2 protein chains.
Amino acid sequence: MEYTVQKLAQLAGVSSRTLRYYDQIGILTPARVNSSGYRIYGQKEVDRLQQILFYRELGIALETIKEIMTAPSFDAEKALNEHREQLLKKRKQLDLLITNVEKTIASAEGRMNMSDQEKFEGFKKKMIDENERKYGKEIREKYGEDTVNQSNAKLMNMSQEDYEAVTKLEAEVREALAEAFATGDPAGELAQKAAELHKRWLTYYWTEYSKEAHAGLAQMYVEDERFTAYYDKEQPGMAAFLRDAVHIYTGQK
Amino acid sequence: MEYTVQKLAQLAGVSSRTLRYYDQIGILTPARVNSSGYRIYGQKEVDRLQQILFYRELGIALETIKEIMTAPSFDAEKALNEHREQLLKKRKQLDLLITNVEKTIASAEGRMNMSDQEKFEGFKKKMIDENERKYGKEIREKYGEDTVNQSNAKLMNMSQEDYEAVTKLEAEVREALAEAFATGDPAGELAQKAAELHKRWLTYYWTEYSKEAHAGLAQMYVEDERFTAYYDKEQPGMAAFLRDAVHIYTGQK
DNA sequence: TATTGACCTTTACGTTACGTCAAGGTTTAT
DNA sequence: ATAAACCTTGACGTAACGTAAAGGTCAATA
């Protein structure tokens with residue numbers, strides 16, 4: 001079956017302008033152009049457009065889609081399976097939002113209380129996801145190996161006094177964190193105090209402190225299972241809670 | 001709890017630029033501005049931002065959101081219930097897309113066949129939904145009452161001959177439609193023939209024919225249950241099928 | 001106390017993915 | 001043959017920010 005711009009647009013539920021734009025940026029060129037300059041699309045283009053729309057639905061920029069699809073390693077079938085997974089993820093996220101709105105209704109009716117944190121559950125998830133994809137590896141490379149090594153180096157040179165102080169601080173962090181965790185609010189006073197203690201503890205290990213690095217490390221606590229295991233030992237979710245508290249404390253994205 | 005731009009942005013998962021922009025367009029102004037010009041947000045603003053994000057999630061333009069929320073008739077609780085419904089709709093639509101991708105995988109593996117129509121199931125739905133919200137009423141007003149009245153007037157003046165011809169055409173339309181419906185492809189030859197017959201039948205009733213009006217009427221077949229009942233009598237889904245066929249035939253959105 | 005670094009401000013230009021004319025050629029139907 | 005409904009290529013407009021520049025503010029540190 002062959003389609004003109006408008007027919008294909010109608011079929012796919014997009015505008016003809018969109019198809020012309022896609023031709024312009026070279027992401028979807030017609031099978032051929034007839035003698036009077038009309039764009040004619042064939043079966044291959046129909047399938048390609050479908051693929052493009054799947055990617056678009058997931059919020060991926062057209063430029064990126066183009067790169068993905070023109071890469072020699074592109075595997076259409078594999079892509080479809082990824083689409084499926086991403087769509088399922090998206091549905092989970094939507095479910096979070098629905099839970100959120102239901103909680104908000106209940107809270108408006110006075111049937112329950114909601115922290116400010118909870119009010120944005122489901123919105124945020126998306127951003128964190130993107131951040132993880134974008135920066136996850138980078139953060140690890142930047143703040144992971146390097147600072148861990150530095151930490152060790154510094155630890156070697158610590159005096160007995162320092163060592164005792166740092167051990168005591170560590171206990172205080174854990175204690176404050178457990179107390180804060182019970183409140184459930186990483187923006188609360190207790191959690192912010194825990195974040196501050198965590199910072200003071202950190203400065204014993206780091207040669208220099210920056211909010212950015214602090215936030216990066218907190219993110220790593222959730223991403224790297226060795227850290228997660230350490231913090232979640234007593235209470236599952238503690239690592240994530242600490243990360244949230246630190247991110248608010250540092251005000252860092 | 002009071003928040004500076006960055007803190008609120010962090011809380012809600014948006015950028016500080018976004019908050020400044022929202023202030024600029026007057027959709028979310030801070031509770032107050034401190035002595036050095038810093039924006040300070042309070043509880044009311046947190047809740048308002050949450051509402052805005054719900055609307056935004058549903059793809060509504062900020063300008064429209066602003067109009068909705070500043071209208072004197074705005075009822076926050078009612079809005080939340082609508083959000084819930086819209087989000088549930090969105091989930092249904094997502095399920096359609098997931099079904100689509102699964103079908104596509106199956107078809108790529110040769111386990112089943114898919115029509116071009118089916119390949120865009122779930123993408124299109126969104127547009128139709130928007131069209132309905134935007135133009136549904138307008139179409140009904142434009143092509144509904146008016147053309148129905150005109151039709152009646154013309155019918156009154158029909159000759160016996162014309163009447164017989166139109167009755168025969170009506171039977172042909174139904175026959176062609178039933179045949180086409182069995183193929184399941186509204187873009188196919190049979191369906192397009194049915195659409196053409198439908199047009200010829202229409203011209204007996206209408207003083208003037210236009211593709212736009214034809215497409216509008218077809219849309220009404222699905223929206224107005226009196227029409228839907230008539231066409232779906234023999235086969236449920238027939239009205240929608242006819243609409244699709246006519247929309248492709250007329251190439252109209 | 002001075003400095004530094006992370007905040008905050010406004011101004012302003014850039015970007016993405018199209019929507020929307022405008023001006024003109026082509027195809028189809030009456 | 002004339003009109004209606006296609007198609008084409010510009011080209012400018014728009015929404016919702018991102019991003020960079022230039023400069024004040026504030027808390028912590030040397």
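Fair warning: this is a prediction, and the values are worked out from it, not measured in the lab. Labels below follow one simple rule: chain letters A, B, ... track the order of the sequence lines, proteins then strands, and each chain is numbered from 1.
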Can you check the [X] [atom1] to [N] [atom2] distance for me, whole Å?
| X | N | atom1 | atom2 | value |
| --- | --- | --- | --- | --- |
| A/Y38 | D/dC6 | OH | P | 11 Å |
| B/Q24 | D/dA15 | CD | P | 12 Å |
| A/N34 | D/dT8 | CG | C1' | 11 Å |
| A/Q6 | D/dT8 | CD | C1' | 13 Å |
| B/I25 | D/dT14 | CD1 | P | 15 Å |
| A/L62 | C/dC18 | CG | P | 6 Å |
| A/R17 | C/dA22 | CZ | P | 16 Å |
| B/I27 | D/dA15 | CD1 | C1' | 12 Å |

Would you state whether a donor and an acceptor, one from the side chain of A/Y21 and one from the base of C/dG19, lie under 3.5 Å apart? no
Donor-acceptor pair (no angle test) under 3.5 Å: B/R39 side chain, C/dT9 base: no
Quick check on C/dC18: is either OP1 or OP2 less than 4.0 Å from any side-chain nitrogen or oxygen of A/S15? no
Side-chain N or O of B/Y22 versus OP1/OP2 of D/dC17: is the shortest distance under 4.0 Å? yes
Between B/T64 and B/I60, is there a donor-acceptor pair closer than 3.5 Å when you use the side chain of the first and the backbone of the second? no
Output the single nucleotide from C/dT10, D/dA16, C/dC8 whose closest atom is nearest the side chain of B/R20. C/dT10
Among the nucleotides D/dC17, C/dC8, C/dC18, which one has an atom lying closest to any side-chain atom of B/T4? C/dC8
Indicate, with yes or no, if the rings of A/H83 and A/Y55 have centres closer together than 6.0 Å. yes
Nearest-nucleotide 5' precedence on DNA chain D, B/A61 against B/S36: B/A61
Taking only Lys NZ, Arg NE, NH1 and NH2, and the carboxylate oxygens of Asp or Glu, determine whether [X] and [Y] approach each other closer than 4.0 Å.
| X | Y | answer |
| --- | --- | --- |
| A/D23 | A/R20 | no |
| B/E45 | B/R39 | no |
| A/E2 | A/K7 | no |

If you assign each of A/T18 and A/S35 to its closest nucleotide in DNA chain C, which residue comes earlier from the 5' end? A/T18
Base, sugar-phosphate, or nothing: which does B/S16 touch, judged by heavy atoms less than 4.0 Å apart? nothing
